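Okay, here's the structure, questions in a sec.
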Amino acid sequence: MALRFYNTLTQRLEEFRPLDGHTVRMYTCGPTVYHYVHIGNFRTFSFQDVLRRVLRMRGWKLFHVMNITDVDDKIIRNAVAEGKSLREYTAPYTEAFLEDAAKLRLERPEKLVFATDHIPDMVEAIRRLAERQHTYESEGSVYFRISSFPEYGKLSHTNFSGNLAGARVDVDEYEKADARDFVLWKARKPGEPYWDTPLGPGRPGWHIECSVMAMKYLGETIDIHTGGVDLIFPHHENEIAQSECITGKPFARFWLHAEHLMVEGQKMSKSLGNFYTLRDILARGWAPEAIRYLLISAPYRKQLNFTFDGLKAAASAIERLRNFQTRLETERFDPGIDEDQEQRAAKALADYHEGLDDDLNTADALGAVFEFIRETNIAMDQGRFRAGNVASAKKLLGDFDLVFDVLRPTLAEGALSDEEVEALLKERTEAKKARDFARADQIRAMLLEKGIVVEDTRDGVRWKRR
RNA sequence: GGCGCGGUAGCCAAGUGGUAAGGCAGAGGUCUGCAAAACCUUUAUUCGCGGGUUCGAAUCCCGCCCGCGCCUCCA
């Protein structure tokens, strides 16, 4: 079956293909760089990475734009407090975000865009909205009037015609005509950074940047727009209102939203203070691949509870995968080819891809891979697995790693090089031949200390990094 | 109150009408000079609870209980 995604807009699973039939134009909401992003944020970015990889695996070209929000209330507050310009304040966090993303092996989007580089574009967009009577001005700020857009609420499936019983409404935004109207341009406040524009001195509201940058680089109707579920309302709802009121065309065809990462049953968030950054976890000695695996092994539309037990399980699962890969590469198999094994590989490959096609069901896809590994280990133990079966097994593992990307270990700083390890193992093998087991064990223990696990097998010694 | 996700073994988790994938942990075993490694076997008569539909339900319908998210900045 073809690739299909759950579309928040239609609340249904829909077959996906890009509008122009070959290039997927995708916009993803990136981080606000007022702090280190936490691994909850990275769950969403990891999902986006899986999405990228699967789209390309299905043969589509990809043009993916991610924004970096480098102006907002928190950034301004912190920058002013530290006496820094916006750029001075945000640059290190932007850098840190990109470094962390690289450690998690997240592919770089084709284009990264910064809000503060697009102020004139935003001003122009607001001007066009004003022209079409969607805005009003109050005390130097410009607001979007949601009553001017009858479809408002279609993404979050909320009816805004009645009142919001029980909902919390911002009491200090008294200058708005309607509590649900949102700000496009915020009037300058004393002591805060601002831009002088035809709209008056001030700065952009949060939502307008995404509408403007998405359409500038990807066109008026984009294929895919994604973010965390918390962005459905109001952020994405407002993006739709702004964009569609400007162009009169559908803004995004597919809306994909990642569920939250939880910690102890609650959403991991900066405001709750219950968050871990990638740096926190790496400092405790965990491999970045384990974190990547943990974040992507559960389907993206399910809340995922973060625990260190879960991280340990992820690390062990990666071990199993790598052990199998090592076996495939180092063991000697009898010549010939086993047809049952070929069928097993073909079925596993088909199941793996079908899992991914089904709204990126990574858990299902993984099941196919692990089942294949168990069955193939047995075939190897029983001598039924032949040299001619290596290729199909490698193909499965290769396709697995094209998306999951966890087989290659991250080398720790100060790690022994492959050559150094090989030299020590050669010495150990000679010691063993001379029945000097004390020396052999000493070398093995020393290597283990350096994170190298030595294994003696029928086909000789082999090793791996832990 | 509205909208949305979810409740499957000790933990994570797939499965949306045909008789419970997979991972981790635990327990046995194989191999090995030894082994911490690797590999194998094993672990839910049962899917939050109660009714109903059906030859057949974890899967559909009705009612209930519980957890989480959004409705305010938020991935």
Side-chain angles (χ1 to χ4, degrees), chain A residues 8 11 28-32 34 37-48 69 72-74 153 156-160 162-173 179-180 206 226-235 237 257-262 265-272 275 293-294 297-305 307 309-321 323-324 326-327 351 355 358 361-374 377-378 380-382 432 435 437 440-441 444-445 448 453-458 462-464 466:
Chain A
T8 307
Q11 297 180 297
T28 61
C29 285
T32 301
Y34 69 98
V37 306
H38 57 65
I39 57 167
N41 299 306
F42 273 121
R43 190 210 184 174
T44 298
F45 302 137
S46 301
F47 143 69
Q48 291 165 355
T69 299
D72 91 320
D73 291 348
K74 286 174 186 139
S156 53
H157 303 100
T158 310
N159 179 4
F160 286 88
N163 58 0
L164 298 179
R168 286 159 291 175
V169 173
D170 232 346
V171 287
D172 60 23
E173 304 232 34
R180 280 93 68 191
W206 174 36
T226 79
V229 286
D230 53 351
L231 296 188
I232 296 171
F233 189 88
H235 186 53
E237 196 72 73
H257 291 100
E259 258 297 350
H260 284 305
L261 187 68
M262 316 292 284
Q266 279 202 305
K267 167 169 110 158
M268 181 177 290
S269 80
K270 285 172 189 156
S271 46
L272 290 173
F275 64 92
Y293 184 97
L294 178 65
S297 58
Y300 75 94
R301 286 200 297 125
K302 258 188 103 162
Q303 290 174 351
L304 174 64
N305 198 24
T307 62
D309 277 354
L311 197 50
K312 172 73 173 63
S316 300
I318 292 173
E319 280 302 290
R320 183 165 170 82
L321 290 155
N323 287 332
F324 179 74
T326 303
R327 194 168 184 191
D351 288 350
D358 182 15
N361 191 337
T362 45
D364 193 24
L366 277 171
V369 174
F370 280 109
E371 193 178 353
F372 173 78
I373 288 177
R374 193 190 68 250
N377 271 324
I378 294 170
M380 287 172 169
D381 288 349
Q382 298 179 343
K432 275 178 70 179
R435 310 212 44 94
F437 294 121
D441 289 351
R444 184 170 67 189
L448 185 63
V453 178
V454 178
E455 298 167 18
D456 293 315
T457 74
R458 280 194 297 268
R462 71 187 185 199
W463 61 279
K464 66 183 181 188
R466 192 169 55 181

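Worth saying up front: this structure is predicted, and the values here are computed from it rather than measured. Lettering follows sequence order; numbering is per chain, from 1.
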G-U wobble or Watson-Crick pairing nucleotide for B:A21 (cut-off 3.5 Å, both distances): none

For B:G7 versus B:U54, give the span between their P atoms, rounded off to a whole number of Å. 27 Å

Side-chain N or O of A:Arg327 less than 4.0 angstrom from OP1 or OP2 on B:A38? no

Between the protein and nucleotides 65-70 of chain B, which nitrogen or oxygen pairs are less than 3.5 angstrom apart?
{"unit_1": "B:C68", "atom_1": "O2'", "unit_2": "A:Gln303", "atom_2": "OE1", "d": "3.2"}
{"unit_1": "B:C68", "atom_1": "O2'", "unit_2": "A:Gln303", "atom_2": "NE2", "d": "2.9"}
{"unit_1": "B:C68", "atom_1": "O2", "unit_2": "A:Gln303", "atom_2": "NE2", "d": "3.4"}
{"unit_1": "B:C70", "atom_1": "OP1", "unit_2": "A:Lys267", "atom_2": "NZ", "d": "2.2"}

With a 4.0 Å cut-off on heavy atoms, is A:Thr32 in touch with a base, just the backbone sugar-phosphate, or nothing at all? sugar-phosphate

Looking across every strand, which nucleic acid part, if any, lies under 4.0 Å from A:Leu294 by heavy atom: base, sugar-phosphate, or nothing? nothing

Electrostatic pair A:Asp441-A:Arg444, nearest N-O below 4.0 angstrom: yes

Do the side chains of A:Thr362 and A:Phe47 get nearer than 4.5 Å, heavy atoms only? no

With rounding to the closest Å, how many angstrom separate the C1' atoms on B:G69 and B:U30? 49 Å

For A:Leu261 and B:C5, give me the distance from atom CG to atom C1', rounded to whole Å. 15 Å

Using a 4.0 Å heavy-atom cut-off, does A:His38 contact any base of the nucleic acid, only the sugar-phosphate backbone, or nothing at all? base

Any non-hydrogen side-chain atom of A:Ile373 less than 4.5 Å from a side-chain atom of A:Leu321? yes

Roughly how far, to the nearest 0.5 Å, is the CZ atom of A:Arg327 from the CZ atom of A:Phe324? 8.5 Å

Taking only side-chain N and O atoms of A:Lys302, does any of them lie within less than 4.0 angstrom of OP1 or OP2 on B:C12? no

Which of B:C73, B:G22, B:C3 is nearest the side chain of A:Ser271? It is B:C73

If pairing means Watson-Crick or G-U wobble with both distances under 3.5 Å, then the partner of B:C34 is none

Verify side chain to side chain contact (heavy atoms under 4.5 Å, CB included) between A:Phe437 and A:Arg435, making sure each step is shown before the conclusion. CA-CA 5 Å; A:Phe437 294 121; A:Arg435 310 212 44 94; 3.6 Å; yes

Picking from A:Glu319, A:Lys312, A:Arg320, what satisfies side chain to side chain donor-acceptor pair (under 3.5 Å) with A:Ser316? A:Lys312

Rounding to an integer number of angstrom, what distance separates B:A58 and B:G50 when you compare their P atoms? 13 Å

Atom C1', compared across B:G17 and B:G52: separation rounded to whole Å: 15 Å

Value rounded to 0.5 Å, distance of CZ in A:Arg301 from CG in A:Asn361: 9.5 Å

What is the distance, rounded to the nearest whole Å, between atom CZ of A:Phe324 and atom C1' of B:G22? 15 Å

Summarise how protein sits on nucleotides 24-37 of chain B as a single string, 5' to 3': B when a protein heavy atom is under 4.0 Å from the base, S for sugar-phosphate-only contact, - for no contact. SS-------BBBBS

For B:C3, the Watson-Crick or wobble partner whose two distances fall under 3.5 Å: B:G69

Distance, rounded to the nearest Å, where A:Lys74 contributes NZ and B:A75 contributes C1': 12 Å

Write down the distance between CD (A:Gln11) and C1' (B:G4), rounded to a whole number of angstrom. 8 Å

Can you find a pair of side-chain heavy atoms, one from A:Phe372 and one from A:Asp351, that are under 4.5 Å apart? no

Euclidean distance for P, B:A20 against B:U59 (whole angstrom): 14 Å

Between B:A13, B:C40, B:A75, which nucleotide has the shortest distance from any of its atoms to the side chain of A:Asn41? B:A75

Partner of B:U46 by Watson-Crick or G-U wobble geometry, both contacts under 3.5 Å, or none? none

Who pairs with B:A27 - Watson-Crick or G-U, where each distance is under 3.5 Å: B:U41

Kindly say whether A:Gly153 contributes a backbone atom to a donor-acceptor pair with the side chain of A:Glu237 at under 3.5 angstrom? yes

For A:Arg180 and B:G2, what is the distance between atoms CZ and P respectively, to the nearest whole Å? 17 Å

Which pair of non-hydrogen atoms, one from A:Lys270 and one from A:Thr32, has the smallest distance, and what is that distance? NZ-O, 4.5 Å

Are any of the side-chain heavy atoms of A:Arg43 and A:Glu259 separated by less than 4.5 Å? yes

Send over the distance from A:Ile378 CD1 to B:U41 P, rounded to a whole Å. 4 Å

If you look at every strand shown and take non-hydrogen atoms under 4.0 Å, does A:Gly227 touch a base, only sugar-phosphate, or nothing? sugar-phosphate

Taking only side-chain nitrogens and oxygens of A:Asn361, does any of them come within less than 4.0 Å of OP1 or OP2 of B:G15? yes

5'-most by nearest nucleotide on RNA chain B - A:Ser297 or A:Asp381: A:Ser297

Using atom C1' in both nucleotides, what's the gap between B:A75 and B:U19 to the nearest angstrom? 41 Å

Among A:Asn41, A:Leu294, A:Leu304, which residue meets the side-chain contact (heavy atoms from CB on, under 4.5 Å) test with A:Leu261? A:Leu304

Rounded distance in Å - CH2 (A:Trp463) to P (B:A38): 16 Å

When you compare B:G51 with B:G23, how far apart are their P atoms, in angstrom units rounded to a whole number? 36 Å

Whole-Å P distance, B:U41 and B:C47: 27 Å

Could you give the CG-to-C1' distance, from A:Asn377 to B:C40, as a whole number of Å? 9 Å

